[in-house]
Amino acid sequence: MPKGYEPQEVEKKWYKYWEESGLFRAQAPSPDKPYCIVIPPPNVTGSLHMGHALNNTLQDILCRYKRMQGYNVLWQPGTDHAGIATQNVVERDLASKGLTRHQVGRDKFIELVWEWKEKYGGVILNQLKRLGCSCDWSRERFTMDEGLSRAVREVFVRLYEEGLIYRGDYIINWCPRCRTALADLEVEHEEMDSHLFYIRYPFQDREGSLTVATTRPETLLGDTAVAVNPEDKRYADLEGAKVILPILNRPLPVIRDRYVDKAFGTGALKITPAHDINDFEIGNTHHLERIRVIGEDGRMNEFAGPYNGMDRFECRERILDDLKKAGLLEKIEPYRNAVGHCYRCKNMIEPLLSKQWFVKVAPLAEKAVRAVKEGQTRILPRNWELVYDEWMNNIKDWCISRQIWWGHRIPAWYCETCGEVLVAKEDPEICDKCGSKNPVQENDVLDTWFSSALWPFSTLGWPDATEELKTFYPTTAMVTGFDILFFWVARMMMMGIHFMKDVPFRDVYIHALVRDAQGKKMSKSKGNVIDPLQVMGRFGTDAFRFTLAALAAQGRDIKLAEDKIEGYRHFVNKIWNSARLVLMNLNENEKPEEIELSLADRWVLSRLHQVCGEVTNALDEYRFNDGAGICYQFFWHEFCDWYLEMSKGGLYSSDPSIRRTTTAVLLKALKTVLKLLHPFMPFVTEEIWQRLPETEESIMVTQFPEASDLPCDEPALREMNVIMGAVTGIRNIRGEMNIPPAKKLDVLIDSPAAADRAVLENHLAYIRSLAGVESVRVDSSIPKPEASATAVFGPNQVHVVLKGLIDFEEEKKRIKKEIKKVEKDYEISTNKLSNPQFMEKAPEEIVESVKEKMESMRQQLEKLKRNLIFFDSLH
RNA sequence: GGGCGGAUAGCUCAGCGGGAGAGCAUCGGCCUUACAAGCCGGGGGUCGCAGGUUCAAAUCCUGUUCCGCCUACCA
């Protein structure tokens, strides 16, 4: 067995073995309890980043844990077709050959995207395998698969028939770069320094002008009114008045609408119904004309008069110039406002009047809110339920049509003869209404999130009534980041409830974001990304996974730095070496006969009993950091530091039956702790497992340890406490007196209670080996030797004989320090007990525990002080 | 504008009503035959600030400051 753990080969070997042995496969139907997680499908264009790594590590921990508990686990994998992103990639590819998608044509372009997908679409899935993900790859799905496309059509048609999908003219968010409409969610608002321009609109039939304030002067070309608040006394005489639109010299009515804020700007608002959502609504109530002056390419159009063909930003500058020349620009104020940008390409969004398809979400959202309120789905940590509620209750209709080619083409046809709109699951040959043979399909495709919203049931075979649906829906848990709570989780809730009549998952676990060491978001442009693949290459996958789990505290982002991963690599290596110790001492094949367990054996099994319970609780509650922390603490500082060290006596014993007993318990304990660690660290645990005797199967399919399988030996825990107290006390003295470990010590243990004395006397070997002691005597009331240092543990004290080694002043200092420490605590307890209100109001057990604590501190202080007096009397 | 989260040891963070914790870093002693990627020991904090509730507050409440995030149609 190599001295250090070498992850690379091991990882490849076992992953291949697990996959080929079908250990990731789920059964449908199955008599076992189901456990199902559908993966948040990564984009086909994606490659593994830290967010994926964390997200999938957590899912894999849950799946491996549940699988070991005997559940029929389905971790459903797949990828998302990622409409705009994928189209962009292939378009860039074309551009490098000097081509545009329009030149190759729609059908050919889609063919090219498919080719690209076949070639590169599996990259991220292979990277997930590298992470150790135990997905059932035989069930891999893609949102553009035949089956999932059928689900999309079914949903679209049914929602349309139910009146929940409609088509209409509204203000939508238009990205002039991507040349498509976007949903409100896909717009990122960013605070920017801009200006508030005060522009004079001269009155038509009187002197003077009305000044309006705007941040977007170029839209004035599309103004069809100016609005004031009906209660604004300044403008009370403007009833029926008209103003002249600058530059285009169009007369505009002055209208009154309560929407206008009297206090903002001049209290007069220019109304551009075709380019602003509020103006659009005001325009509706006042039946105003809608004039679109900016085209889909972001340039001014023919309604923009002299600015026709000009870019929207250039147009702004020119209009300001022209207004200034005409004396119509009153003033400019600096102003900060939030401006929408495309989440894909970061270009400025143009609110535009356009005919699009929408989902009427309010009725769907209502049920989705209720499902969470009633606890059919829990969102964890709970505070995200508030966020979810807030968003769902203020939800607006969802614009689902996109003017791109890659995606699910909307199943709507327009009859070229009579104009009828046909929405159908099967492509219609003839028009239902007029019978003509030329229905033409809608060009637009659906928002990618439309198909993602169906993912929890479409991947399981819906709309067919499959065994998978019966077995695994509703799924158990959804693990995801909060950044797609609205985009995805909320929409899955709505669709799941509507079409499956039940929520898509019982738990939604929202995890943190992975940031860099300074807490900044990782991004390519900042150059602060840590590449998970590189990390895995350098430190091993297990160290990486364990780091993520250990840092994944609920409600706080993860600040990741390489030195942390390095730290956990040391842990992996520690595990490796503990296994080496055990394996190097396994030269006897015989089974142990009648086993008499040592204290160390009894203790470690009892501690394992407790630890199993704690880890189980932690994982059941998605407290990954606690689970990892408990394993780390126990394995390193109890299993290795104490148990392995104590076992050495038995391992090197000349009595073969003691050796056999020791190795048997060592093996049992090691196997148990490996199983506990396996969900976190699948590779190293499997590698060690397979090297241990009597492990034919993979550790993956063994039973996760249960507390009830292990003894809880309270006396062992208590007795061990006494031994640890003695050893720690002696080590303390050694450390503080700077006595080298090679120097063997003589100690006298003064132990008043017979029970403790018996424990100590029966386990002198432990004290000898762990504390480096030569001779040791245990008795009641042993007088303190002249040259000695003393440590107090519980009611006992240990005198370390230090002939010629002791520095009396040093020892006095040490004792004084100790006295001070205890006295501080003692005082706090005294104060409590002398407080009548505490005695009266505090619960009985608290009062008791304070009394007990005080009594033990009193004994401790007494001894410490006696020791101090002893040294003083020497002079 | 509304909402959420954070502020605890030099750093990164647990703890969230009854004795201030971990990892890393630091200091001292050790190549003790699984591991120097290690072992043993030490030092280090009026738990952001100000009030309040309570017998008892890092923990609950109110206010406040500074960070971070989400959300929103005041042009």
Side-chain angles (χ1 to χ4, degrees), chain A residues 1 3-5 171 184 189 196-197 212-216 219 227 259-261 263-266 268-272 276-281 335 337-338 351 381 383-384 386-387 390-391 394 482-483 485-486 513 515 517 519-521 543 550-551 553 555-561 563-564 566-585 625-626 629 632-633 637 640-641 644-645 648 652 728 731-742 769-772 824-825 828-829 831-832 835-843 845-847 849-850 853 857:
Chain A
M1 196 169 178
K3 200 168 165 180
Y5 172 59
I171 298 281
D184 295 343
H189 292 273
L196 197 55
F197 303 98
V212 303
T214 181
T215 53
R216 300 204 56 199
T219 63
Y259 169 81
V260 181
D261 179 357
F264 190 91
T266 60
L269 172 64
K270 66 190 251 346
I271 305 294
T272 324
D276 182 281
I277 180 73
N278 299 307
D279 294 8
F280 176 79
E281 275 158 22
Y335 188 69
N337 64 344
N383 57 308
W384 289 105
L386 275 175
V387 180
E390 171 72 16
W391 189 73
N394 295 302
F482 60 81
D483 47 336
L485 180 61
F486 306 141
L513 235 55
R515 298 170 176 282
K520 292 204 197 76
K521 215 167 164 173
L551 298 179
R556 197 189 283 243
D557 285 346
I558 294 177
K559 284 184 201 165
L560 190 68
D563 58 349
K564 290 184 185 172
E566 195 181 351
Y568 286 108
R569 181 183 58 165
H570 296 174
F571 181 48
V572 176
N573 200 52
K574 185 80 179 171
I575 297 169
W576 181 255
N577 276 293
S578 71
R580 275 185 78 216
L581 171 69
V582 175
L583 283 162
M584 282 165 67
N585 289 287
N625 61 320
D626 285 340
Y632 182 95
Q633 162 65 28
H637 298 302
C640 291
D641 289 352
L644 290 186
E645 291 308 320
K648 283 177 182 172
Y652 304 142
T728 306
R731 283 175 172 176
N732 252 321
I733 291 168
R734 186 193 287 280
E736 291 196 43
M737 298 283 176
N738 272 340
I739 305 165
S769 65
L770 296 184
K824 213 175 99 193
D825 285 346
I828 292 169
S829 299
N831 290 344
K832 277 187 182 172
N835 181 346
Q837 279 165 315
F838 173 79
M839 298 305 283
E840 193 185 319
K841 293 188 178 167
E845 66 267 24
I846 296 295
V847 177
S849 81
V850 172
K853 195 166 63 192
M857 283 190 294

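Side chains are part of it too, since the values below use all heavy atoms of this structure and drop only hydrogens, waters and symmetry mates. Protein chains get the first letters and strands the later ones, always in sequence-line order, with residue 1 at the start of each.
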Indicate yes or no: at least one non-hydrogen side-chain atom of A/Val850 is less than 4.5 angstrom from one of A/Phe838. yes

Next on the checklist: I'd like to check A/Asn625 versus A/Leu551 (side-chain heavy atoms, cut-off strictly below 4.5 Å). Are they in contact?
Outcome noted: no

Which part of the nucleic acid does [X] contact within heavy-atom distance under 4.0 Å: base, sugar-phosphate only, or nothing?
X	result
A/Val212	nothing
A/Pro836	nothing
A/Asn835	sugar-phosphate
A/Tyr652	sugar-phosphate
A/Asp641	sugar-phosphate
A/Thr215	sugar-phosphate
A/Leu644	base
A/Ile846	base

Take atom [atom1] of [X] and atom [atom2] of [N], then tell me their distance rounded to the nearest Å.
X	N	atom1	atom2	result
A/Phe482	B/G68	CZ	P	15 Å
A/Phe571	B/G23	CZ	P	12 Å
A/Leu269	B/A75	CG	C1'	5 Å
A/Asn394	B/C70	CG	C1'	14 Å
A/Asn337	B/C73	CG	P	13 Å
A/Asn383	B/C4	CG	P	10 Å
A/Lys648	B/U33	NZ	C1'	8 Å
A/Glu566	B/A25	CD	C1'	13 Å

* Could you label the plane-to-plane angle of the A/Trp576 and A/Tyr5 rings as parallel, tilted or perpendicular, counting under 30° as parallel and over 60° as perpendicular? =>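 It falls in the tilted class, 30° to 60°.
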
Watson-Crick or G-U wobble mate for [N], both contacts under 3.5 Å:
N	value
B/G41	B/C27
B/A7	B/U65
B/C60	B/G52
B/U33	none
B/G21	B/C13

Please measure how far the [atom1] atom in [N] lies from the corresponding atom in [M], and state the result in whole Å.
N	M	atom1	result
B/G19	B/A58	C1'	14 Å
B/G41	B/U32	C1'	15 Å
B/G43	B/A57	P	27 Å
B/U65	B/C49	P	16 Å
B/C47	B/C11	P	16 Å
B/A22	B/A9	C1'	11 Å
B/C73	B/C67	P	26 Å
B/A20	B/C13	C1'	15 Å

Problem set entry | Side chain A/Gln633 and base B/A14 donor-acceptor under 3.5 Å |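 A donor-acceptor contact between them is absent.
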
Options [options], nucleotide nearest the side-chain atoms of [X]:
X	options	value
A/Lys574	B/U71, B/C55, B/G38	B/G38
A/Lys559	B/C35, B/C40, B/C13	B/C13
A/Asn573	B/C74, B/C55, B/A37	B/A37
A/Thr214	B/C73, B/A75, B/A36	B/A75
A/Tyr259	B/U32, B/A34, B/A75	B/A75
A/Phe486	B/C39, B/G18, B/C70	B/C70
A/Glu736	B/A34, B/G42, B/A75	B/G42
A/Asn577	B/G28, B/C35, B/G41	B/C35
A/Ala213	B/G19, B/C4, B/A75	B/A75
A/His189	B/A72, B/A34, B/C55	B/A72

Would you say [X] places a side-chain N or O within less than 4.0 Å of OP1 or OP2 belonging to [N]?
X	N	answer
A/His570	B/G23	no
A/Tyr335	B/C74	no
A/Lys564	B/C11	no
A/Tyr5	B/A34	no

Using modelled atom types only, decide if a donor and an acceptor are shared between the side chain of [X] and the backbone of [Y] within a distance under 3.5 Å.
X	Y	result
A/Asp557	A/Leu513	yes
A/Asn577	A/Asn573	yes
A/Lys564	A/Lys559	yes
A/Arg734	A/Pro740	yes

**Residue mapping more 5' on RNA chain B - nearest nucleotide basis, A/Val850 or A/Asp626** =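 So the residue in question is A/Asp626.
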
Please tell me which of A/Asn732 and A/Glu281 maps to the more 5' nucleotide of RNA chain B, matching each residue to the nucleotide holding its nearest heavy atom.
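Looking at the nearest nucleotide for each, A/Asn732 comes out on the 5' side.
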
_Heavy-atom closest pair, residues A/Thr272 and A/Thr219_ =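 It is CG2-O, 3.3 Å.
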
* To do: Any chance you could lay out the side chain to side chain contact (heavy atoms under 4.5 Å, CB included) test for A/Leu581 and A/Lys648, step after step, and finish with the verdict?
  => CA-CA 9 Å; A/Leu581 171 69; A/Lys648 283 177 182 172; 4.3 Å; yes

